[in-house]
A.B. asks: 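Structure provided below as structure tokens; questions to follow.
Atoms within each ligand, like the ligands themselves, are counted from 1 in listed order. For the single chain, residues carry numbers from 1 onward in sequence order. For the numbers below, each heavy atom of this structure counts, side chains included, while hydrogens, waters and symmetry mates do not.
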Amino acid sequence: MLIPTDLSAPMYDSAREQYAAFGVDTEAALERLARIPVSIHCWQGDDVGGFENPDGQLGSGLAVTGNYPGKARTPDELRADLEKALSLIPGSHRLNLHAIYLETDTKVERDAIETRHFQGWIDWCKSQGIGLDFNPSCFAHPKADSGLTLSSPDAGIRQFWIDHCKACRVIANDMGEQLGDKTVTNIWVPDGYKDTPADRVAPRQRLKDSLDEILAFDTPHNLDAVESKLFGIGSEAFVTGSHEFYMGYAIQKQILLCLDAGHFHPTEMISEKISSCLLYLPELLLHVSRGVRWDSDHVVTFNDELLAIAREIVANRFEDRVHIGLDFFDASINRVAAWTIGVRNTLRALLAGLLEPTDKVRAAELEGDYTTRLALMEEAKTYPIGAVWDEFCRRNDVPVGPAWLDVVRDYEATTLSKR
Ligand code: RNT
Ligand code: ZN
């Protein structure tokens with residue numbers, strides 16, 4: 001299925017000329033694309049199971065559906081699967097790890113986790129030459145069963161999760177230091193109520209106080225992020241950590257806000273929010289996801305919103321201020337393919353943004369020439385992005401076109417199907 005190099009290179013040459021005439025430098029676009037990392041979420045590899053209690057219930061408003069065979073059951077299996085995906089994805093990326101992916105022979109409570117429980121992951125990232133991001137896991141645990149963690153009225157429960165988050169920040173700081181590349185640590189809690197609360201203030205005050213305690217010490221090799229949500233299964237009426245809550249909190253503390261594409265009203269797009277948020281915040285974290293009717297965490301496709309998100313990042317040269325993470329978990333398809341499709345699509349969307357004649361479109365806009373703005377933006381959509389993308393894959397030594405699927409099928413036959 002692989003397109004031979006001698007056939008496809010002329011396609012790139014002609015695409016380059018076509019773009020040049022349109023005012024777009026494809027070589028500059030490829031260079032910029034090569035420098036944008038995507039943080040690949042480990043949890044697509046095992047349906048957010050983790051290695052603490054792999055048969056445990058997920059809960060806390062998170063749901064994974066599907067029972068496709070071959071999910072990773074051990075850290076080594078998950079790393080092997082990630083290596084396979086990385087071999088099919090052009091560019092240099094990052095791993096995004098949750099705290100439940102610790103490695104230990106004996107039970108370690110979440111408030112007692114240490115860097116050594118993640119040393120295997122740090123060493124693996126070092127061997128792969130990639131950065132590492134981290135997340136406290138405030139779900140799938142008896143102490144999260146009430147639906148409230150950092151905003152619980154029970155001081156003992158609250159302290160347990162505060163201590164877990166503090167431990168995570170210490171570990172993340174070590175990760176960043178060892179890898180010489182800052183870790184982004186994202187705090188998301190499921191807290192909320194199924195039905196109408198009598199008091200909306202007290203839980204939010206408690207969440208704020210808990211976060212203040214968690215963030216009370218410096219972590220120079222770590223960047224903190226907080227992630228809002230609109231609703232979850234079982235928290236339909238009220239979510240403590242709403243968008244307004246975290247937007248205000250992140251601005252006050254000058255930390256990162258995490259915008260998850262599935263955490264807003266269905267017609268409310270995070271692409272539209274990036275420009276406003278970055279007027280007040282130093283940096284952002286994105287959870288690139290795809291909600292289908294609800295926060296369903298489908299594999300991201302090359303759709304309008306993905307293109308709009310990518311375009312906002314590159315057209316404004318926000319690559320250094322927006323950390324791109326993925327957040328989807330589909331257990332109904334091959335999990336290595338899910339990663340590959342999602343990351344390749346994200347990169348392809350960034351490339352589409354980089355291949356827009358932004359200067360011309362903006363000049364037209366400034367002159368009030370909205371006809372030209374619309375005309376150019378529409379013409380750009382059918383320029384030969386595919387030929388430039390294939391060239392990016394070729395230069396990065398990864399399969400061109402759907403040839404990567406053969407590699408995944410092979411891996412499925414030799415490895416995944418034996419699990
Ligand atoms: C949940 C949040 C959160 C999780 C992951 C597993 O609604 O999106 O980011 O999906 O941390
Ligand atoms: Zn998320």
A.B. asks: Can you tell me which residue and heavy atom of the protein come closest to atom 6 (C) of ligand 1, and the distance to 0.1 Å?
C.D. replies: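 Here the nearest protein heavy atom works out to His98 NE2, 3.4 Å.
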A.B. asks: Give me the residue, atom name and distance of the protein heavy atom closest to atom 7 (O) of ligand 1.
C.D. replies: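 That would be Lys229 NZ, 2.6 Å.
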A.B. asks: Measuring from the Zn ion (ligand 2), name the closest N, O or S atom belonging to Asp260.
C.D. replies: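 Answer by atom name: OD2.
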A.B. asks: Using a 4.0 Å cut-off to any heavy atom of His263, which atoms of ligand 1 qualify?
C.D. replies: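 Ligand 1 atoms under the 4.0 Å threshold to His263: 1 (C), 2 (C), 7 (O), 8 (O).
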A.B. asks: Confirm or rule out an N/O/S atom of His287, from backbone or side chain, lying less than 2.8 Å from the Zn ion (ligand 2).
C.D. replies: yes
A.B. asks: Using a distance-only test with no angle check, is there a side-chain donor-acceptor pair under 3.5 angstrom linking Asp330 and Tyr68?
C.D. replies: no
A.B. asks: Verify the distance criterion only: is there a donor paired with an acceptor across the side chains of Asp209 and Gln205 at less than 3.5 Å?
C.D. replies: yes
A.B. asks: Provide the number and element of each atom of ligand 1 under 4.0 Å from a heavy atom of His287.
C.D. replies: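 This gives 9 (O) as the contact atoms.
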A.B. asks: Starting from atom 9 (O) of ligand 1, what is the nearest protein heavy atom, named by residue and atom, and what distance separates them?
C.D. replies: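 So the nearest neighbour among protein heavy atoms is Glu227 OE1, 2.7 Å.
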A.B. asks: Under a 4.0 angstrom heavy-atom cut-off, which atoms of ligand 1 come close to Asp295?
C.D. replies: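 Answer, ordered by atom number: 7 (O).
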A.B. asks: When you measure from the centre of the six-membered ring of Tyr12, is the NZ or CZ of Arg395 closer than 6.0 Å and no more than 45° off the axis?
C.D. replies: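 Flagged: Arg395 positioned over aromatic ring of Tyr12.
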A.B. asks: Would you kindly say whether Thr115 and Asp174 are connected by a side-chain donor-acceptor distance under 3.5 Å?
C.D. replies: yes
A.B. asks: Cationic tip of Lys229 within the cone over Tyr246's six-membered ring, i.e. under 6.0 Å and within 45° of the normal?
C.D. replies: no
A.B. asks: Can you spot which of Phe134, Phe118, Phe139 makes a ring-ring contact (aromatic ring centres under 6.0 Å, His included) with His98?
C.D. replies: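 When Phe134, Phe118, Phe139 are each tested with His98, the ring-ring contact (aromatic ring centres under 6.0 Å, His included) holds only for Phe139.
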A.B. asks: Quick one: nearest non-hydrogen protein atom to atom 4 (C) of ligand 1, plus distance?
C.D. replies: Asp327 OD2, 3.6 Å
A.B. asks: If you check every N/O/S atom of Glu227, which is the one nearest the Zn ion (ligand 2)?
C.D. replies: OE2
A.B. asks: Cationic tip of Arg394 within the cone over Trp389's six-membered ring, i.e. under 6.0 Å and within 45° of the normal?
C.D. replies: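 Judged by the rule (NZ or CZ under 6.0 Å from the ring centre, within 45° of its axis), Arg394 is not positioned above Trp389.
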A.B. asks: Which atoms from ligand 1 have a heavy atom of Leu62 less than 4.0 Å away?
C.D. replies: 1 (C), 7 (O)
A.B. asks: Examine His41 together with Phe329 and report whether their ring centres are nearer than 6.0 Å.
C.D. replies: no
A.B. asks: If you consider just the N/O/S atoms, which atom of Asp327 is the closest one to the Zn ion (ligand 2)?
C.D. replies: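 Restricting Asp327 to its N, O and S atoms, the minimum distance to the Zn ion (ligand 2) goes to OD2.
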A.B. asks: Show the atoms of ligand 1 that are less than 4.0 angstrom away from any heavy atom in Phe329.
C.D. replies: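 Reading through ligand 1 atom by atom, the close ones are 10 (O).
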A.B. asks: Establish, from distance only, whether the side-chain atoms of Ser289 and His287 form a donor-acceptor pair under 3.5 Å.
C.D. replies: no
